[in-house]
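Structure first, then comments.
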There are 2 protein chains.
Amino acid sequence: MRREFKKKSKVLLIDDNYEHLVGIRELLNLEGTFDVVGIATNVTVGLNLIKKYQPDIVLLDMNMPDRDGLQGIIEIGKLDSDTKVLALSGYDDADLIFRAMKIGAKGYVLKTMASAQLIYAIEEVLNGKIYLPLALSSRFFEYFQQSFRDENAKQELNEENLLSYLTQREEEVLELLTQGITYKGVASKLFISETTVKTHVNNIFQKLQVNDRTQAVLYAINNGFLTKKGMSTVASR
Amino acid sequence: MRREFKKKSKVLLIDDNYEHLVGIRELLNLEGTFDVVGIATNVTVGLNLIKKYQPDIVLLDMNMPDRDGLQGIIEIGKLDSDTKVLALSGYDDADLIFRAMKIGAKGYVLKTMASAQLIYAIEEVLNGKIYLPLALSSRFFEYFQQSFRDENAKQELNEENLLSYLTQREEEVLELLTQGITYKGVASKLFISETTVKTHVNNIFQKLQVNDRTQAVLYAINNGFLTKKGMSTVASR
DNA sequence: ACAGATCTAGACCACATGGTCTATAAATAA
DNA sequence: TTATTTATAGACCATGTGGTCTAGATCTGT
């Protein structure tokens, strides 16, 4: 068929289950549009094959013995090849999906899924898209939203958050403190005397129930003070 | 038909475009399984209707005049009703999708989508699932991954990250500093003399190119020091 | 065995920081 | 109007902090 004229996409498979490895290879070979350039049963070997064959895509099992799959994604990412990673797993574990996507997997499919869906996923990823089956993206989003709910819960103690007792001026002072600025610096930035700054700072300490600037800054950061100011901090897990 | 026996789901629509509002109402009424309990052309009115009718789901347009849609999602969330929000928008703006999902929208659909898909989305959300059309979830993930790439880029200066020059002991000291502990405190925790701590701290300052503990702590936080230690900081935008 | 890094620790000094009190002007609330 | 809050600012003092130098004890790697 026509397809033969189109250049086949190079695929590499990494999975510690050899049976499965061969199964997928057969499936992809039957499809005809893929060229399985190599298979490996562990990440270390897989990485070498990637360097050698520069595959377009790697199907990477998440449950590996030596290094785990997540580490594998990171290391493949560090290679400066354009190789894309499609994560493969037996379980729809939300945390695992979240982490995998976070560190750059272009997709995540379950081993139990129909082969047609696997083929489709591979093609989407090869086309530069990110593919997550509906069931998994649903899982992902639950986890994603949950993590933010937790955060908000932490900060909406916030209504009983000591930060809310600060006056306008005190907030301004605190904001400067969170930039590591001294009394003198704050004073000149706010056009007030140094002793006034000290007064404010002492009031801040009392309100936040801390006894030095470092603790005040930490309190501010951990209680969403910067977030409100439009700053950003980024989630990790 | 049988469906009549099943309790209809209460739906509320909020969209500043009245034409569109009526259009969707008609569509849902034709479907027969929905009961459109109210429509509103702005968030303020919508909130009151929600309090009154306790709908199962709200279709909320993201591009509203008074309050914007994002704020609407948050405020609906604050009501302690179980009302779910399905975001509706004319554009597949990645940032908007990301924010909407982050603050708890159960789904996001485009106005240009086929009505069958809208119906499907509503049903999925009503069934407690989160629904993002493939095209949008793809958009979302690109944005999601990009934001982490930015983070990593920031921290993988990391290879030229000043934190990497710290010795083991210095890291231990810094970790305690990031908890707002004084020289004396650090000394007793590490079973070393206070002056030794001072020496370490001074070395840390030099290596991080800062001149006080607050700046050192801020540097540590902004450069992934805590992340490595298993602590967490959380993303916002 | 020797050079270099690391951890330890002391001495000294200047200055920043934190604690406490007092006090005035202005704005706000009762 | 009076009381309270807020922003301002000074004085005073104890202590914490940061800068610089020196130096011994270990531990590395060559």
Side-chain angles (χ1 to χ4, degrees), chain A residues 158-223 225-226 228-229, chain B residues 158-223 225-226 228-229:
Chain A
N158 205 325
E159 251 100 312
E160 28 182 331
N161 187 329
L162 300 175
L163 285 171
S164 62
Y165 298 139
L166 298 183
T167 67
Q168 198 89 39
R169 201 55 162 170
E170 285 161 355
E171 286 192 2
E172 294 177 54
V173 173
L174 179 55
E175 191 176 356
L176 293 173
L177 288 192
T178 61
Q179 291 165 36
I181 302 179
T182 67
Y183 284 148
K184 227 188 284 286
V186 175
S188 76
K189 288 223 175 199
L190 298 183
F191 303 107
I192 54 181
S193 110
E194 203 176 325
T195 67
T196 303
V197 177
K198 284 184 53 175
T199 308
H200 286 311
V201 170
N202 272 301
N203 290 333
I204 291 172
F205 289 168
Q206 297 214 341
K207 290 185 178 177
L208 301 189
Q209 295 169 15
V210 298
N211 34 37
D212 63 58
R213 53 205 306 109
T214 308
Q215 286 177 14
V217 169
L218 289 171
Y219 186 93
I221 291 175
N222 292 326
N223 291 81
F225 181 73
L226 297 179
K228 284 176 207 149
K229 299 286 172 186
Chain B
N158 207 326
E159 251 99 316
E160 28 183 332
N161 187 328
L162 301 176
L163 286 171
S164 62
Y165 298 139
L166 298 183
T167 67
Q168 198 89 39
R169 201 55 161 169
E170 285 162 356
E171 284 191 2
E172 292 178 55
V173 174
L174 180 55
E175 191 176 355
L176 293 173
L177 288 192
T178 62
Q179 291 166 36
I181 302 179
T182 67
Y183 285 148
K184 228 188 283 286
V186 175
S188 77
K189 289 225 173 197
L190 298 184
F191 304 107
I192 53 180
S193 111
E194 202 175 326
T195 66
T196 303
V197 177
K198 285 184 54 176
T199 309
H200 285 312
V201 171
N202 273 301
N203 290 334
I204 292 172
F205 290 167
Q206 296 214 340
K207 289 185 179 177
L208 302 189
Q209 295 169 14
V210 298
N211 31 40
D212 64 57
R213 52 203 308 108
T214 308
Q215 287 177 11
V217 169
L218 290 171
Y219 186 92
I221 291 175
N222 292 326
N223 292 83
F225 182 73
L226 298 179
K228 283 174 208 153
K229 299 286 172 186

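Taking every heavy atom of both residues into account, A/Thr214 and A/Asp212 meet most closely at N-OD1, 3.1 Å. When all heavy atoms of B/Leu218 and A/Thr178 are compared, the pair lying nearest together is CD1-O, 3.1 Å.
Across all strands shown, A/Lys198 has heavy atoms under 4.0 Å from base atoms, whether or not it also approaches the sugar-phosphate. Across all strands, A/Thr167 comes closer than 4.0 Å only to sugar-phosphate atoms, never to a base (heavy-atom distances).
At least one side-chain nitrogen or oxygen of B/Ser193 sits closer than 4.0 Å to the OP1 or OP2 atom of C/dG10. Between B/Thr195 and C/dG10, a side-chain N or O to OP1/OP2 separation shorter than 4.0 Å is present. Remark: A/Tyr183 is in phosphate contact with C/dG18, judged by side-chain N or O atoms under 4.0 Å from OP1 or OP2.
At least one donor-acceptor pair under 3.5 Å links the side chain of A/Arg213 to the backbone N or O of A/Ile181. A side-chain donor-acceptor contact under 3.5 Å links A/Tyr219 to the backbone of A/Leu162. Within the 3.5 Å criterion, the main-chain N or O of B/Ala187 finds no donor-acceptor partner in the side chain of B/Glu194.
Of all the residues in residues 202-209 of chain B, B/Asn202, B/Phe205 reach under 4.0 Å from DNA chain D with at least one non-hydrogen atom.
Atom-to-atom, CG of B/Asn211 to P of C/dA16 comes out at 11 Å; the value is rounded to the nearest Å. Here the P atom of nucleotide C/dT6 and the CD atom of B/Glu172 are 14 Å apart, to the nearest Å. Atoms NE2 (A/His200) and C1' (C/dG18) sit 16 Å apart, rounded to a whole Å. Separating the CZ atom of B/Arg213 from the P atom of C/dT17 is a distance of 12 Å, rounded to the nearest angstrom. At whole-Å resolution of the value, NZ in A/Lys184 and C1' in C/dC15 are 8 Å apart. Rounded to an integer number of Å, the gap from B/Glu171 CD to C/dC7 P is 10 Å. If you measure from atom CD of B/Glu170 to atom C1' of C/dT8, you get 13 Å, rounded to the nearest angstrom.
For the pair B/Glu171 and B/Phe225, the minimum side-chain heavy-atom distance is below 4.5 Å. You'll find the side chain of B/Asn202 stays beyond 4.5 Å of the side chain of B/Gln206, heavy atoms only.
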The test is side-chain contact (heavy atoms from CB on, under 4.5 Å); show your working for A/Leu163 and A/Leu174 and say whether it passes. CA-CA 10 Å; A/Leu163 285 171; A/Leu174 179 55; 3.8 Å; yes
Can B/Thr167 and B/Lys207 be said to form a side-chain contact (heavy atoms from CB on, under 4.5 Å), step by step? CA-CA 10 Å; B/Thr167 67; B/Lys207 289 185 179 177; 3.7 Å; yes
Could you walk me through whether B/Leu190 and B/His200 pass the side-chain contact (heavy atoms from CB on, under 4.5 Å) check? CA-CA 12 Å; B/Leu190 298 184; B/His200 285 312; 6.0 Å; no
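The nucleotide range of DNA chain D contacted by chain B, defined by atoms under 4.0 angstrom from heavy atoms of the protein and reported 5' to 3', is D/dG16 to D/dT20.
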When you check every protein heavy atom under 4.0 Å of nucleotides 21-30 of chain C, what one-letter string (B, S, -) results, 5' to 3'? ----------
